[in-house]
Each structure stands twice: as structure tokens, then as C-alpha cells.
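Sequence lines set the chain letters: A, B, ... in the order given, protein chains first and strands last, and positions in each chain run from 1.
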2 protein chains.
Amino acid sequence: MTTPRRLLVRCLFEASGHRTAEELAAEIQARAPDISISTVYRNLEELERLGVVVHSHLGHGPATYHLATAAHGHLVCRKCEIQVEIADGFFADLRRRAIADFGFAIDPRHFAVIGLCATCQAAADDLGDFTAG
Amino acid sequence: MTTPRRLLVRCLFEASGHRTAEELAAEIQARAPDISISTVYRNLEELERLGVVVHSHLGHGPATYHLATAAHGHLVCRKCEIQVEIADGFFADLRRRAIADFGFAIDPRHFAVIGLCATCQAAADDLGDFTAG
DNA sequence: TTAAATGCAAAGAATTTGCATAACA
DNA sequence: TGTTATGCAAATTCTTTGCATTTAA
């Protein structure tokens, strides 16, 4: 148990949101300025190997990390990038089918489900009307 | 209509699998060696803007590109990385719920659904038995 | 002949790695 | 005291960008 590791774990427990490695590094560096981001990556990797932490991909940017106990799925708008957290129940049917048809045990939280939020759909429709007219 | 663009479109139509920008560039360069990969990226971007091509993320590596007409979802094993193509019907329930509860029109093909294939689940179980015993 | 597309090289973002030093047990 | 972790810098991977030159309509 080293200082960087202790601070990282503390950060992860204190706030439960998803944060990128860079954001976590910034929080840690506020307390211990010369902890390097490679140490953060290495510790996240180790914590993930131990099953304490998971990471997920919510878009094209950097991965986000959080406690495994706080994992959940996401809908992300491809246009405005708004994120919605969704309950595992949303994936019940998909999970059942994946097992039944392919023997796959899915982790539907690793990658977000991308789409268009209601607002951006409306905007796209308006644009459609405009360009058509 | 320039030579690089023509060759890229031909490549995309000839074989229907998903290929990375690098793979597409290699195919193109077999015919016209000094077409650069940045041109491939630029044309893919343009074709995507026009709705002819889509890209998806099947794992942590490079994105894969294919004709929009050939789009489909994927299950990918996080361990052995085997890929299974799945029909849109798999996502019908998720799609319905996303619209009903959040107004989201999802594109469940952009990011793969990650998980463990049957073989890797079995391997994990064996390991579990072993380490437990 | 003029706007658009290209090639090259360099920049960028996110992550990983090599290696000498430092910290833990 | 010996393994494990760290900091730093450099390397990697994937993708984008700047800019001078070429190509196509």
C-alpha cells in the first residue's frame, strides 16, 4: 500500500461518478503533486484486475473508471453527448437472448449504447423539413 | 471523383466485412501504392457524413468501417475477442424501452456488446474450481 | 481555372512501457 | 534486504491537421 495507491482508492470511494484517468490524476495531484499519470493507469489496471474497479467507454474520448459496485449502463447522444444512466433491467431481454442463442454472458455496461436524444432528434427533424422545403 | 475515392468505394463494395482504416488503406495501396492513409480517413469521414458508410467499435482497437447497408450489431468476447454478428431483432426490446423511458433513438450497432463467450466462461469456471480447491 | 482532394509530415489524444530510483514489508 | 511500485520520459497506437501541390470538373 503506497501513497499513490491509497489516494487513488480514496478518490474512487469519495465520489462515485465516472472519471477519466486524467481527472483522477488531477484530483490526486491536488494532494500529492508529483504522482504521475502512468502510476494512476497502472493502479487502475491492477484494481481492475482485482475486480474492484471497472472502466467503460461512453464515447470516442477517454475511458471512464469507477467502482465495480457502482457500474451501470448508459445511453449517450451521439450529437450533444448527453448521458443517461440506465438500470440493468433494460438489458434483461438482450442478456437472455445472448445466452440462449450464442452462449454469451454479456456485460452491457462496458460500452455505452449510442443514439440520439429526444432534443437532437427533434432538431434533426426540423432540419429535414427545412432542407426539404 | 478522384482515384483514391474510387478505389476506396470499390474496396468497400467488393468485400462486405468490417475493416479498419489501415486494412482498407493496405488494399487500396496494393493497386495504387502512394495513396496515403490520411486520404483514406478523410474519405471515410466524408462517406460517413453522406450516410454511405458507418464505423463501429468492436473492442479497444481501431474502429471498423463498412457500408451502412451492411450494418449490424456484435457480441465480442472480452477474453478471446471472438465476434458474433447479431440481428437487429436482438435489440428490439432495448430500443422500445429507450424510446419509452428516455426518448432515445438508439443505434445499438455503433458499439459492440462485450461479454464472455461460452468457451471463455467455461475456462473461467475451471479456473474458479481450481483456485477454490 | 478554380475549388476541392491529395500526400506528406507533423501534431494530437489516450495509453503503455523501459528503466533507474524510491518505498514498502 | 529484496521485491514491488514509482516517476519520468519516450514509445505506441489510432486519428486528425497544416500546408504545399496535384487533380478533377
Side-chain angles (χ1 to χ4, degrees), chain A residues 1-12 17-50 52-66 74 76 78 81 83 110-112 114, chain B residues 1-12 17-50 52-66 74 76 78 81 83 110-112 114:
Chain A
M1 253 304 161
T2 61
T3 305
R5 190 163 296 179
R6 189 162 20 241
L7 286 175
L8 173 59
V9 171
R10 203 209 284 191
C11 270
L12 288 165
H18 357 74
R19 277 155 299 168
T20 65
E22 198 161 7
E23 287 163 351
L24 288 164
E27 286 180 45
I28 291 167
Q29 284 159 358
R31 290 176 180 161
D34 44 77
I35 287 174
S36 80
I37 195 158
S38 49
T39 297
V40 172
Y41 274 110
R42 276 189 282 233
N43 278 305
L44 285 170
E45 188 183 18
E46 179 67 4
L47 290 171
E48 193 151 15
R49 210 181 52 74
L50 296 172
V52 178
V53 160
V54 294
H55 77 271
S56 42
H57 300 273
L58 305 186
H60 287 170
T64 60
Y65 294 82
H66 44 89
H74 295 86
V76 178
R78 75 151 84 252
E81 295 185 329
Q83 297 169 14
H110 186 74
F111 284 114
I114 225 161
Chain B
M1 252 308 160
T2 61
T3 304
R5 190 163 295 179
R6 190 163 17 242
L7 286 174
L8 172 61
V9 171
R10 205 209 283 190
C11 269
L12 287 165
H18 357 74
R19 277 156 299 168
T20 65
E22 197 161 7
E23 286 164 351
L24 288 164
E27 286 179 43
I28 291 167
Q29 283 160 358
R31 291 177 181 160
D34 43 74
I35 287 174
S36 81
I37 195 158
S38 50
T39 298
V40 172
Y41 273 111
R42 276 190 282 233
N43 278 307
L44 286 170
E45 188 183 18
E46 179 67 5
L47 290 170
E48 193 151 16
R49 211 181 51 74
L50 296 172
V52 177
V53 160
V54 293
H55 78 270
S56 42
H57 300 274
L58 305 186
H60 286 169
T64 59
Y65 293 82
H66 44 88
H74 295 87
V76 178
R78 74 150 84 250
E81 294 185 327
Q83 297 170 13
H110 186 74
F111 284 114
I114 225 162

Dump the pairs, protein N or O against N or O of nucleotides 17-22 of chain D, anything under 3.5 Å, distances to one decimal.
from: D:dG18; atom 1: O6; to: B:Arg42; atom 2: NH1; distance (Å): 3.3

note: A:Asn43, atom CG; D:dG7, atom P; distance rounded to Å ~ 9 Å

Might you list the N or O atoms of the protein lying below 3.5 Å from N or O atoms in nucleotides 2-4 of chain C, with each pair's distance?
none

Per the under-4.0 Å heavy-atom filter, residues of residues 55-64 of chain B near DNA chain D come out as B:Pro62, B:Ala63

Between CD1 of B:Ile35 and P of C:dC8 the distance, given in whole Å, is 10 Å

Atom CZ of A:Arg49 and atom P of D:dT4 are separated, to the nearest Å, by 12 Å

- request: Output yes when at least one side-chain N/O atom of B:Ser36 is less than 4.0 Å from OP1 or OP2 of C:dT6, else no.
  value: no

When rounded to whole Å, the CG to P distance for the pair A:Leu44 and D:dA5 reads 14 Å

Across all chains, not counting sequence neighbours, the side chain to side chain contact (heavy atoms under 4.5 Å, CB included) partners of B:Gln83 are B:His18, B:Leu58, B:Val76

In this structure, SG of A:Cys11 is separated from CD of A:Glu23 (nearest 0.5 Å) by 11.0 Å

B:Leu7 atom CG is separated from D:dT23 atom P, nearest whole Å, by 14 Å

When the rotation axes relating C1' atoms of four end pairs to the next four are compared across the helix from C:dT1-D:dA25 to C:dA25-D:dT1, five pairs an end, they differ to 10° by 20°

Separation of D:dC14 atom P from B:Tyr65 atom OH, nearest Å, is 12 Å

Across all chains, not counting sequence neighbours, the side chain to side chain contact (heavy atoms under 4.5 Å, CB included) partners of B:Glu81 are none

| request: Report the C-alpha separation of A:Ile28 and A:Thr39 in whole Å, then their side-chain angles, then the decisive distance to 0.1 Å, and conclude whether the side chain to side chain contact (heavy atoms under 4.5 Å, CB included) test is met. | output: CA-CA 11 Å; A:Ile28 291 167; A:Thr39 297; over 6 Å; no

Separation of D:dA5 atom C1' from A:Leu8 atom CG, nearest Å, is 13 Å

Applying side chain to side chain contact (heavy atoms under 4.5 Å, CB included) to A:Glu22 and not counting sequence neighbours gives A:Thr20, A:Ile37

Side-chain atoms of residues 1-10 of chain A: list all donor-acceptor pairs with protein atoms under 3.5 Å, sequence neighbours left out, distances to 0.1 Å.
from: A:Arg5; atom 1: NE; to: A:Asn43; atom 2: OD1; distance (Å): 2.6
from: A:Arg5; atom 1: NH2; to: A:Asn43; atom 2: OD1; distance (Å): 2.9

By salt bridge (charged side-chain N to carboxylate O under 4.0 Å, His left out), A:Glu27 pairs with (sequence neighbours left out) A:Arg19

Exercise. Looking across every strand, which nucleic acid part, if any, lies under 4.0 Å from A:Ile37 by heavy atom: base, sugar-phosphate, or nothing?
Worked result: nothing

By ring pair (Phe, Tyr, Trp, His ring centres under 6.0 Å), B:His55 pairs with (sequence neighbours left out) A:His60, B:His57, B:Tyr65, B:His110

Applying side chain to side chain contact (heavy atoms under 4.5 Å, CB included) to B:Ser38 and not counting sequence neighbours gives B:Ser36, B:Arg42

- [ ] Would you mind reporting whether B:Val54 and B:His66 have side-chain heavy atoms less than 4.5 Å apart?
- [x] yes

Considering only nitrogen or oxygen atoms on both sides, find all protein atoms under 3.5 Å from nucleotides 20-25 of chain C and state each distance.
from: C:dA25; atom 1: OP1; to: A:Met1; atom 2: N; distance (Å): 3.3

Here the distance between atom P of C:dA14 and atom CG of A:Leu24, to the nearest Å, is 14 Å

Judged by nearest nucleotide, the residue sitting upstream toward the 5' end of DNA chain D, A:Pro4 or B:Glu22, is A:Pro4

